[in-house]
Amino acid sequence: MFTIGSRTVKTAIGAMIALSIAQLIGFENASTAAVITLLSVQSTQRKSISIAWRRLLACVIGMGLAILIFEGCAYTPVAVGLLLFIYVPLMAKFGLQDGIVPGFVIVMQLYMSYAITEALLINQLCIVLIGIIVALLFNLYMPSVEGELQKISKKLDSNIEIIFLQFSRFIRKKERVWNDEYIIKTKRLLETGIDLARRSEENSFFKRDSFYLSYFTKRQLQFQIVERMVPLIIQLPTAFEQNDMIADLVEEFAANVKDTEQMLEKLQALRQKFESMDLPKTREEFETRAALLILMNKIEQFIELEN
């Protein structure tokens, strides 16, 4: 389906306004202001400021090299090649690669003039500033992703609850075939949530809104533990009374993921109960109990991350 995003709208309107301003003032090469706006509208506010600064600096350095080479040598293709041999590595060395294209456009306009004057340099600098400033102003507006982040976090919590309920059924041996549906969905939600949280943080000029980024990072670490629990549960040898005990704990944990203090207490109580039981009488019981103890350790790691 064909859609037009907010960045496209901002770029189109911003380029139009930058071009109009440059033409109204009467600058030469006014279209370059629209090109620079096009290149400078970014997906986040902090990124737009960083790139704007790098592009401005790259353009100024490019103009300085143009004066030295074109006026010092000649206005020839060889001089352009020489300039690029110096300009491109210099931009790379100082991390100004984002400014190479607009900077070279400005340089070529100086080249085509065949005479660099003070007025032309001011003209070029003003065009660059118009393009950058218009882009920065349009980047002040960024659609809020708060609602989407809340929606993803709720869905993520719901998925984790479903996965732990699925675990409890498998531990009781009431299910035999593992369904990866919610593991796959949760992984995708985490990727989307982390990406949106980073964008939200980058869209704040004055403060870092890191709540959701911290939340999704924590959930990602917990999900890694969940993924390691899957083969343990699937490969449980057989069902003993300890299975039902662990399954009860897992089932209760699914509904009380955030009640860490209570769940840790119950986990410790269950571990002490295991220790007071008679030793396993068969190899299968030994292997099952060992796997369940490892599972309890994984659950404890999950709970500790929740704090």
Side-chain angles (χ1 to χ4, degrees), residues 3-71 75 77 79-84 86-143 199 202-205:
T3 57
I4 298 176
S6 62
R7 184 176 174 182
T8 303
V9 173
K10 290 191 293 183
T11 301
I13 297 174
M16 178 184 70
I17 290 175
L19 177 59
S20 300
I21 292 172
Q23 285 181 331
L24 282 171
I25 296 175
F27 288 124
E28 293 181 33
N29 307 314
S31 60
T32 305
V35 173
I36 291 174
T37 298
L38 171 70
L39 294 171
S40 299
V41 173
Q42 298 296 316
S43 57
T44 68
Q45 292 175 350
R46 289 182 188 170
K47 189 176 179 182
S48 67
I49 291 177
S50 174
I51 285 181
W53 165 249
R54 293 200 295 270
R55 285 194 172 135
L56 177 60
L57 194 55
C59 288
V60 171
I61 292 172
M63 287 191 287
L65 287 174
I67 295 169
L68 291 173
I69 294 173
F70 297 154
E71 289 293 319
Y75 288 83
V80 173
L82 176 61
L83 184 143
L84 284 173
I86 300 170
Y87 184 60
V88 174
L90 197 62
M91 295 301 98
K93 180 176 176 59
F94 292 106
L96 303 174
Q97 295 94 323
D98 292 317
I100 290 175
V101 173
F104 187 61
V105 170
I106 295 295
V107 165
M108 288 309 296
Q109 289 169 352
L110 294 176
Y111 171 80
M112 294 304 295
S113 71
Y114 292 102
I116 299 175
T117 62
E118 184 179 340
L120 181 59
L121 290 172
I122 293 172
N123 180 92
Q124 297 299 89
L125 185 59
C126 288
I127 286 172
V128 172
L129 286 171
I130 289 170
I132 288 174
I133 290 170
V134 169
L136 286 175
L137 289 173
F138 271 84
N139 270 338
L140 288 174
Y141 168 74
M142 289 290 175
R199 277 171 49 194
E202 287 294 315
N203 280 333
S204 174
F205 279 124

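Please read all numbers here as calculations on a predicted model, not as lab measurements.
- Looking at heavy atoms from C-beta onward, Val80 lies in side-chain contact with Met108 at the 4.5 angstrom threshold.
- Using a distance-only test at 3.5 Å, with no hydrogens or angles considered, no donor-acceptor pair links the side chain of Tyr87 to the main chain of Ile61.
- The shortest side-chain heavy-atom distance between Leu125 and Leu56 falls under the 4.5 Å cut-off.
- Between Phe104 and Val88, the closest side-chain pair of non-hydrogen atoms is not below 4.5 Å.
- When all heavy atoms of Ala30 and Ile127 are compared, the pair lying nearest together is N-CD1, 4.3 Å.
- Here the side chains of Tyr75 and Ile116 are in contact, with some heavy-atom distance below 4.5 Å.
- Taken from OG1 in Thr117 to CG in Leu110, the straight-line distance is 9.0 Å, to the nearest 0.5 Å.
- Between Ile67 and Leu121, some side-chain heavy-atom pair lies under the 4.5 Å cut-off.
- Cys59 and Ile106 get closest at one heavy-atom pair: SG-CG1, 4.2 Å.
- Taking CD1 of Ile86 as the reference point, atom CD1 of Ile69 lies at 4.0 Å (rounded to 0.5 Å).
- Closest approach of Ala66 to Val107, counting heavy atoms only: CB-CG1, 4.4 Å.
- For the atom pair Leu96 CG and Ile51 CD1, the distance stands at 11.5 Å (nearest 0.5 Å).
- Judged as a salt bridge (Lys or Arg N to Asp or Glu O under 4.0 Å), not a single pair has a partner in residues 122-141 (not counting sequence neighbours).
- Closest of all the heavy-atom pairs between Leu120 and Ser113 is CD2-OG, 3.3 Å.
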Run the side chain to side chain contact (heavy atoms under 4.5 Å, CB included) test on Phe94 and Leu57 for me, step by step, so that the C-alpha distance in whole Å, both residues' side-chain angles and the decisive distance to 0.1 Å come before the verdict.
CA-CA 10 Å; Phe94 292 106; Leu57 194 55; over 6 Å; no

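- Taking each heavy atom of Gly14 and Val134 in turn, the nearest pair found is O-CG1, 3.4 Å.
- Side-chain atoms of Gln124 never come within 3.5 Å of backbone atoms of Met63 as a donor-acceptor pair (strictly under, hydrogens ignored).
- A side chain to side chain donor-acceptor pair (under 3.5 Å) check over residues 93-103, counting only residues at least two apart or in different chains, returns the pairs Arg54-Asp98.
- Going from atom CG of Leu129 over to atom CG of Leu136 covers 10.5 Å, rounded to the nearest 0.5 Å.
- Looking only at side-chain heavy atoms (C-beta outward), Phe138 and Thr37 stay at 4.5 Å or farther from each other.
- Within 6.0 Å of CD on Glu71 lie more than 12 heavy atoms contributed by other residues, nucleotides or ligands.
- Here the straight-line distance linking atom CD1 of Ile17 with atom CD1 of Ile130 works out to 12.5 Å at 0.5 Å rounding.
- To the nearest 0.5 Å, atoms OG1 (Thr32) and CZ (Phe27) are separated by 12.0 Å.
- Taking each heavy atom of Arg55 and Pro102 in turn, the nearest pair found is CD-CG, 3.8 Å.
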